[in-house]
Structure formats: structure tokens, C-alpha cells
Amino acid sequence: MRTSNFLLSTLKETPADAEIISHQLMLRSGMIRKVAAGIYTWLPVGLRVMRKVENIVREEMNQSGGQEVLMPSIQPAELWQESGRWDMYGGELLRMKDRHGRDFAYGPTHEEVITTLMSNEIRSYKQLPANFYQIQTKFRDERRPRFGVMRAREFVMKDAYSFHLDQTSLQETYDLMFQTYTNIFNRLGLGFRAVEADTGSIGGNASHEFHVLADSGEDAIAVCDKYNYAANVELAEALQVGDERSAPSQEMARVDTPGQHTIEAICSFLSAPVEKTIKTLLVKGEEQGSVVALVLRGDHELNELKAEKHPLVASPLTWASDEEILAAAGCAPGSIGTVALELNVIADRSATNLSDFICGANQNDVHLTGVNWGRDCPEPIEFDLRKVVEGDLCARSDDQQDDSRLSITRGIEVGHIFQLGTKYSEAMKASCLDSNGKAALMSMGCYGVGVSRIVAAAIEQNNDDRGIIWPDAIAPFQLVITPIGYKKSEKVKAVCDDLYTQLSSLGIEVILDDRNERPGIMFADADLMGIPHRVVVGEKSLDKGQIEYKNRRADSAEDIAQENIMDFLKSALGKA
RNA sequence: CGGGGUGUAGCGCAGUCUGGUAGCGCACCGCUCUGGGGGAGCGGUGGUCGUAGGUUCGAAUCCUAUCACCCCGACCA
């Protein structure tokens, strides 16, 4: 490709509405342009990258026995009504009517279509297991699209669905997909981590998210290298911190704490360590009209996802109103405590082991010190309620003295695999004959990769102040030839054209910058677009028999003897 | 969905308070000089000021409506 023939729509200035670095660089390097909120056009540079990602995903899926299909982007409401999701899915499902007034939706996912299809196509256990995938444009009408293609409404996704007659088979394919995803992200050249994930409302036994690691990631991940454990912070189990509960050593006492309503204020007012305080949070209970108390050590944070999993707690988690709090505790938030509280009390593991602790007195502006479970108030129900923090013991360890500490890192979710079980096969009546000739429901697995999101995530992970730094595998071009004086010097032109032809014939994607631009502009554009390899051909160095090579990641260039340049580049590009 | 903000040339912005018929930088086109990190000079192209209605002799500017886009919020005793 020659730049004179190629839409290089680079921008020097950053568009005002781009917040994160990948969005800014995608706009500036001319990869995408916005058409509407969360809806983008992919320009040639951007599309080249996305196709690279797609092809790697496709090759690895094929390698693992996946069969590619293409389902419609627009789906009839009937399918969604059959699964019950027409009513359940909410505002993210973009609905529309055709000219006859029939309801349709732009597909945000394709379980209904594939399950219906396979209920007809698969008749015998001999056809199983089977795994079908597509690379498709999907639409989710996000509440708030942002961050460019990272959280867009229209996006490209690879989704795969596998079918089985028993759990063993499902687990085998699940494990195979886990390995396939590992291969995909390795080939993409991205730093990533597979993390245990919430199976959510879908149920099923196993679920893993694949995250590209980047400080700007939206998700926090708890990681322990010693036990190779990684989990979404929302899910990571929080073990008890602090010693076993010691015997009471203090009498319970009332102290006036005028105007002190936060843990921080209480600690400084009473000169008490925060580890000796508890906070009591009131939330709605599962039973209509009930209120439940959740207790955490003062310095810990509630993990709402964990709390709502407790059978006594309403799901989704809902905070009690100030009126309900007054009725249940007899005071305002900030003075609630566990003594003489006529509620179910659920306490985090690291709160149940406290003794002689400080809590509210259920009377405004009064607190209690020296409080002890069992003596001053009933023993609470113990439950894992808190959010893990950096330095917590890894849940895989059973030894308090272990050095397997969790660290918190950030990631961008780009893949998700989970076992669906029979949720959709039941709804869509997808069964086939087993080896006994009896009809049996098929169980399913589901495996997604956010193709367009990977493009943005790769940039979040790989950039510097000059622009994008693509991993070789997904760069729009592998190599850029930058001539100094292409239009002026016959010699320069001849060498560049020759290099271009030779490299192209090796299957290397080369872009030759034949614009009549100043070198600085050509360098800046190449760096912005993140082309991994660059050769500069100028008369001065040619006179010395040299051609300059620079890697995008390197600080400086190196001179290569002209007669060796092809060998050098073949080796640098892995084509030797 | 709640709160805040912004719509003026492809991009970044000024002008709006105090109405007088639209401007700056970058980009783009032409010429000249230049030629290894976004160079310089001269000359140009490009905007019904988001849209609709109103007030006025006159509206980017004031009023009303509407649309679009952006940011913040769903961690709290």
C-alpha cells in the first residue's frame, strides 16, 4: 500500500469528547469516526486491525473444532418471547417493528437463534458434541455508551455455542475453549489473565472472564501468583483477618459522641483504632417489609454482590430508607449498633472475631465501647460480606502465615466463557435422541470474545506519548518505508520501490509513504498509527551504503548495510 | 434514569453577559523556499452559528420549545 492511495486521516489535535487514551488514539490515527453515540464507522486503518483480530480468533476457533455460521443481526420477537427474555432483557434490547407492525430486536446475543436452529438440525447424540460460532455485529442499547468502541452500543463479537448430552462433554468443551482463548490472547500479543467470574443469573457451574490487563481497565481483579488464583474483586472470597476472638476484657460502656457519625470521626473522637470498630448497615430483607443488619469491621467495605447472595437479604441489594432505619434501630444512620437490635444480624468473618469493639448505641450521638458478641448481643450469622483488598490472604490458602497475598490489578473484560446448562434448551425445547433412543435435553456452553473491544484494549495496554504501539500480530501494517526525498531523488525512489516490491512479495504488509511530506510529518504519522517496524531511506545514508531501521518500541534507530537489509528485515519480521 | 455541561469551518476554540450581519490556530488548495521529528512566506477554499418558532429595524448573541452530544452518579451510616 502506498500512502498516496490510502486514506490517512490523522489528526494532530485530540477531539474533545474522547476521554480515554484508546479512544483518543483511535480517532487521531484515523481508525474510527463516530456516527452517533456508541456507533462508529471503521476507516481503513482501523478495519485492518479489526480483521487481524477476527482472523486470529477464527483460526483458533477452527483449530478447536468450531464451525463458523452467520446468524441474522435482526431477530423476531417470537424467539425472545419463547425464552422469556423479551420481557426480562430491559432497555438494552433495541426493539423495532417492521412495516407489518411485527416486533423485532437487533440481536445483543444469539442464544435463542442458535438453540432454535439446533433443536431442528441436531437429531442424534452421534452429532454431539458440536460447537458453532459466528463473528457478528451486535447491538446493546447501553444506558451510557462511552470510551469509544470500548463500551459502544454497536460492536463486533465472536460468540460460540456448544451442545452436549452430558456434563462431562460440556466440561471438556469448556476446558478446550479455555485453552483456545489462552491461545488467542497469546497470539494477539496481549498481556491477559483468566479470572473466575460470577455466573450471574444464568447459573451454571463454571465461568471465566478473560481480561486484558491495563491500568485504565474498568474491572478490578484480585490476583495471587502463588496459587495462580485470579478473580473478579466482586467475587473474590475474603478470608478472616485478625486473630481468633479473644475473651471479653472490658465492660460495655456508653459514651456520648455528639455529631460523630462516621467511622473515621468516631475513631479520632475516641482515639480508637479502626480495627476495633464495626459498622452496621441496614438493608431490605428478602421477606417483604423486613430489614436486615449487615455488620463489617470499620475499615472494610461491603461487597453488595456477596450480600445479596445471602438468603435473608433482598436481591438486588436495596438500602433501607431513613424511615425504616429509624423504625428498626431507633436512630439515624451513623449511630446504629448491634446491641439490643431486634433484627437478623449478618456479620462478616472479620467482624465476628472481634472482641471489646465499638459500635453505635441505636441512639443518636451515642456509641458503645467494650461490646462483645454473645455477652452484650446475640452471636451474629457469619457470612463473607466484604470486598477483598490488596494484601488479603489468598482464598486458596489455608494458612494464615502464608505469604500468598492478593494484589489488585485492573483489566478490561474481552472474553467470557460459561456453561449455560439447559436454560435455553428447555425454553426452546432443544432435545435430541440419546444412545438409548430416548429424547434428551441438550446442555449448552457459551463463549464470547469482544472483537472490537480487543482493538481498544490492545491500545490501552500498548501506547506511549507518540501514539499506538501495535503488537506485530494485529498492526494495520507490519512495516513502513519512509523515504527522504522520494519525489526528488531517483536513487531514493528506486531503492524504496524495490524494497516495497520485495517485502510485499514475501507477504509482508508494507506501507510506503510516498507523500511529498516532510520527514517529521511522516515519522509522526507512522508512530501515531503504531506501525511496528520502520525503514528510512535517504540519500545521505544510501551514499554510505546504509538503510536505517527502527522498531516502534526502540528508543533509537540502527543503520543496516544496504546489501543486508532484506535479510535483516526478514529476520526482524519473523519471515526468515 | 437522576444531576451537570456543551452545540460556531474537518479538528481545537474565541465571540453570547452588553443584539449591528462571524473570527483565530491547526488541517485543506496553489506557488516559492525548505528537506531526518508535525518548517517558513505569500495567496486562497470552506460556516443557513444544532433545529424550529418568537421578540426586534436588525439575532450566533435575548425568549420558548426541541434534538444531539459529553461528563458525573448506582461503595453509604
Side-chain angles (χ1 to χ4, degrees), chain A residues 7-20 23-24 27-28 30 33-39 90-92 141-148 220 233-234 257 260-266 277-283 293-296 298-307 316-322 324-326 328-329 331-337 359-360 362 364-365 367 385-387 389 465-467 482-489 492 513 515-528 534-542 546 548 550 556-557 559:
Chain A
L7 186 67
L8 267 193
S9 291
T10 54
L11 303 173
K12 197 184 288 186
E13 289 181 275
T14 305
D17 56 5
E19 187 77 356
I20 59 169
H23 189 194
Q24 293 173 357
L27 289 168
R28 285 190 52 211
R33 289 291 181 259
K34 185 172 74 179
V35 176
I39 298 177
E92 286 191 9
D141 202 355
E142 292 272 349
R143 243 169 309 190
R144 191 179 154 205
R146 57 191 140 164
F147 304 147
V233 161
E234 297 289 346
T257 50
Q260 314 295 312
H261 298 299
T262 65
I263 292 292
E264 203 176 307
I266 291 292
T277 64
I278 61 161
K279 51 184 170 191
T280 311
L281 317 175
L282 300 189
V283 299
L294 304 177
V295 174
L296 293 155
D299 54 333
H300 290 155
E301 256 180 38
L302 178 69
N303 181 327
E304 300 190 12
L305 218 62
K306 288 178 179 177
L317 189 92
T318 315
W319 295 97
S321 65
D322 284 356
E324 287 170 312
I325 291 173
L326 187 64
C331 64
S335 301
I336 311 172
C359 68
N362 296 326
N364 285 341
D365 297 331
H367 278 74
L385 283 180
R386 73 182 174 95
K387 189 174 273 191
V389 294
D465 54 3
R466 293 193 308 243
T482 308
I484 308 295
Y486 188 80
K487 295 267 157 70
K488 283 275 176 67
S489 162
V492 168
D513 202 338
R515 295 177 293 176
N516 198 20
E517 286 291 355
R518 301 173 62 81
I521 291 175
M522 295 190 282
F523 294 151
D525 277 345
D527 287 346
L528 179 59
R534 181 184 81 191
V535 294
V536 181
V537 179
E539 251 188 342
K540 283 179 203 155
S541 38
L542 283 182
Q546 290 174 333
E548 176 189 300
K550 182 177 173 303
S556 55
D559 292 319

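This structure is a prediction, so every number in the text was calculated from the model and none was measured. Just so we're on the same page: letters track the sequence lines, and every chain starts at 1.
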For the side chain of [X] and the backbone of [Y], is there at least one donor-acceptor N/O pair under 3.5 Å apart?
X: A:Arg386; Y: A:Leu302; result: no
X: A:Gln24; Y: A:Thr14; result: no
X: A:Asn364; Y: A:Ala332; result: yes
X: A:Arg466; Y: A:Ala524; result: no
X: A:Lys279; Y: A:Ile336; result: no
X: A:Asn362; Y: A:Gly337; result: yes

Return the nucleotide paired to [N]: Watson-Crick means purine N1 to pyrimidine N3 with N6-O4 or O6-N4, wobble means G-U with N1-O2 and O6-N3, both under 3.5 Å.
N: B:C28; value: B:G44
N: B:G7; value: B:C67
N: B:G37; value: none
N: B:G2; value: B:C72
N: B:U18; value: none
N: B:C13; value: B:G23
N: B:C62; value: B:G54

Interatomic distance where [atom1] belongs to [X] and [atom2] belongs to [N] [whole Å]:
X: A:Arg518; N: B:G41; atom1: CZ; atom2: C1'; answer: 13 Å
X: A:Leu317; N: B:C76; atom1: CG; atom2: P; answer: 13 Å
X: A:Lys279; N: B:C76; atom1: NZ; atom2: P; answer: 8 Å
X: A:Asn516; N: B:U34; atom1: CG; atom2: C1'; answer: 11 Å
X: A:Ile266; N: B:C76; atom1: CD1; atom2: P; answer: 17 Å
X: A:Leu27; N: B:A27; atom1: CG; atom2: C1'; answer: 16 Å

Interatomic distance at [atom1], [N] relative to [M], whole Å:
N: B:U61; M: B:G23; atom1: C1'; answer: 15 Å
N: B:G44; M: B:C24; atom1: P; answer: 13 Å
N: B:A27; M: B:A68; atom1: C1'; answer: 25 Å
N: B:G54; M: B:G30; atom1: P; answer: 45 Å
N: B:U6; M: B:G12; atom1: C1'; answer: 14 Å
N: B:A60; M: B:G50; atom1: C1'; answer: 12 Å
N: B:A65; M: B:C1; atom1: C1'; answer: 22 Å
N: B:A59; M: B:U51; atom1: P; answer: 15 Å

Testing the 3.5 Å rule here: is there a donor-acceptor pair between the side chains of A:Asp525 and A:Thr10?
yes
Which residue lies more 5' along RNA chain B, comparing A:Asp525 with A:Gly38 via nearest heavy atoms:
A:Asp525
5' precedence on RNA chain B between A:Thr10 and A:Ile278 (nearest-nucleotide basis):
A:Thr10
If you only use heavy atoms from C-beta on, which nucleotide in [options] is closest to the side chain of [X]?
X: A:Ala37; options: B:G37, B:C69, B:C71; result: B:C69
X: A:Arg146; options: B:G37, B:C28, B:C71; result: B:C71
X: A:Arg144; options: B:C76, B:C71, B:G39; result: B:C71

Looking across every strand, which nucleic acid part, if any, lies under 4.0 Å from [X] by heavy atom: base, sugar-phosphate, or nothing?
X: A:Asp527; answer: base
X: A:Thr482; answer: nothing
X: A:Arg386; answer: nothing

According to a strict under-4.0 Å criterion, is A:Lys12 in side-chain N/O contact with OP1 or OP2 of B:A27?
yes
Between A:Lys34 and B:C70, does any side-chain N or O lie under 4.0 Å from OP1 or OP2?
yes
Does any part of the side chain of A:Arg146, heavy atoms only, come nearer than 4.5 Å to the side chain of A:Glu19, both counted from C-beta?
no
So which protein nitrogen or oxygen atoms get under 3.5 Å of nucleotides 11-14 of chain B's nitrogens or oxygens?
| unit_1 | atom_1 | unit_2 | atom_2 | d |
| --- | --- | --- | --- | --- |
| B:C11 | O2 | A:Glu13 | OE1 | 3.2 |
| B:G12 | OP1 | A:Ala16 | N | 2.6 |

Mark yes when over 12 heavy atoms from residues, nucleotides or ligands other than A:Glu92 sit less than 6.0 Å from its CD; otherwise mark no.
yes
Quick check on A:Lys540: does its NZ atom have over 12 non-hydrogen neighbours (other residues, nucleotides or ligands) under 6.0 Å away?
no
